[in-house]
Amino acid sequence: MPGPLSGTRVVDLTRALAGPYCTLLLGDMGADVIKIELPGTGDETRQWGPPFVAGESSYFMSVNRNKRSVTLDLKSSAGTEALRRLTRSADVLVENFRPGTMERLRLSYAQAAELNPSLIFCSVSGFGQSGPRSRQPAYDAILQGMGGIQFLSGEPDGGPTRMGVPIADITAGMFAAFAVASALYWRERDPQRRGQLIDASMLGGQVALLTYQAGRYFATGGAPGRIGNRHASIAPYEMFKTSDGYVNIAAANEPMWQRFCRALDLTDLLADPRFATNPERVEHRSELSAAIEKRLLGLSMAEVIERLEKAEVPVGAVYDLAQVFADPQSEHLGMALPTRHPKVPDLRTTGFPFRLSETGPEVRYPPPLLGEHTTEVLRELGYTDAEIAAFVVEAPPSPSGRGLG
């Protein structure tokens, strides 16, 4: 069955990760995503590697399925006219150029809305479209630091640690996709079918993720520090070392705490007044963690997991990626998704993180080759074959690979 966004056309003027992750999510749910790329080089992530597979960047392929690639020279009048035609036909436009670039293309939100009053125009940027930092360039590492996530990550006696995935890019894309879906829903109920402008920032996404850590700051006025793999308000809730690996354990309430102690033969901890309640366990966390780890070092990871699963205490191994995709539950959920590709026959991409009973996501297009769908899309816009042949679809590569951004 077609996805819930089937019939929705998205003009994708994004590159790198935050914007492409937004359009990936929209494409997975059925939207027709038309990815506009610079002739010759395309999205800058096409050059990000190694690894490359059959000449294609694994980075690019990981976030660009369910899109059609069209190369347009947006410095030419023919290219900008084609973009304007696409904008008239679109439901959504997503861009992540630096603020000011769309104005130079004569396609600001106000100008795009004149062409198409129903257009939902989503701008994804590092710091937002206005304010003192709005024109400051940004990548994920910069925003992990400026959004507080990096300061909170790492061991108490070490320095701040960047997360192992580009969380600032990914969350900006997720929030942008949520905003686009919300705007589409509102437009369907609006008698005038009006579009609107969405301003999604990486900084905003990072701050939104702070949740209870921000709550602690607002409550106390003091900036929370790093606590490594521990939970700020619950104990034991952290990573422990066993004889042959690491496990995460979360004894989040009193019954779990009691079952945890009995399952691991730590009943002496139940009689210790320092650990009688969760607030006391948090206060004496160092002593508690040392006692638990001393016991777990005498057990294998498999033994700890077996005992705690039997006691219904949340526990899980710390996996590397090979173990993640080999886990039977990951296999059941289809999290390593075979994805057909004209050059990479055994390509896999990450599976869908949710299921819908009636209108589930699916892979309709593999990550596209550069300009693969240019002729196809231009025909859909009404261009004749002669007009398409006259297009300058191959231009000298941009020295920076960044196009107009």
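What you see is a predicted model, and the numbers here were worked out from it, not measured in a lab. Every heavy atom of this structure was used, including side-chain atoms; hydrogens, water molecules and symmetry mates were not.
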Answer yes or no: does atom CZ of R348 have more than 12 heavy-atom neighbours from other residues, nucleotides or ligands under 6.0 Å?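 Not more than 12 within 6.0 Å, no.
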Using a cut-off of 6.0 Å, state whether more than 12 heavy atoms not belonging to E331 lie near its atom CD.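 Enclosed: over 12 neighbouring heavy atoms sit under 6.0 Å from CD of E331.
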State the [atom1]-[atom2] distance between [X] and [Y], to the nearest 0.5 angstrom.
X: I388; Y: E376; atom1: CD1; atom2: CD; value: 10.5 Å
X: S62; Y: Y21; atom1: OG; atom2: OH; value: 9.5 Å
X: F97; Y: S125; atom1: CZ; atom2: OG; value: 13.0 Å

Would you mind reporting whether H341 and M61 have side-chain heavy atoms less than 4.5 Å apart?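 Side-chain contact under 4.5 Å: yes.
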Are the side chains of V124 and T14 in touch, meaning some heavy atoms are under 4.5 Å apart?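 They are not in contact (no side-chain heavy atoms under 4.5 Å apart), so the answer is no.
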Working for salt bridge (charged side-chain N to carboxylate O under 4.0 Å, His left out), residues E254 and R281: CA-CA 11 Å; E254 291 305 316; R281 291 193 292 275; 2.8 Å; yes
Not counting sequence neighbours, which residues clear ring pair (Phe, Tyr, Trp, His ring centres under 6.0 Å) with F121? List them please.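 Listed in chain order: Y109.
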Any side-chain to backbone donor/acceptor pair from E95 onto C122? Under 3.5 Å, distance only.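 Such a contact is absent between E95 side chain and C122 backbone.
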Could you check R84 against T87 for side-chain hydrogen bond (donor to acceptor under 3.5 Å, both in side chains), going step by step and ending with a plain yes or no? CA-CA 5 Å; R84 291 170 72 84; T87 301; over 6 Å; no
For a quick test of reading the model, state the closest non-hydrogen atom pair linking F260 to L308 and the distance between them.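 Of all heavy-atom pairs spanning F260 and L308, the closest is CD1-CD2, 3.8 Å.
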Of all residues at least two apart in sequence or in a different chain, which pass the salt bridge (charged side-chain N to carboxylate O under 4.0 Å, His left out) check with R226?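 None.
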R85 to Y383 six-membered ring, cation-pi geometry met (6.0 Å, 45°):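 The answer is yes; both the distance and angle limits are met.
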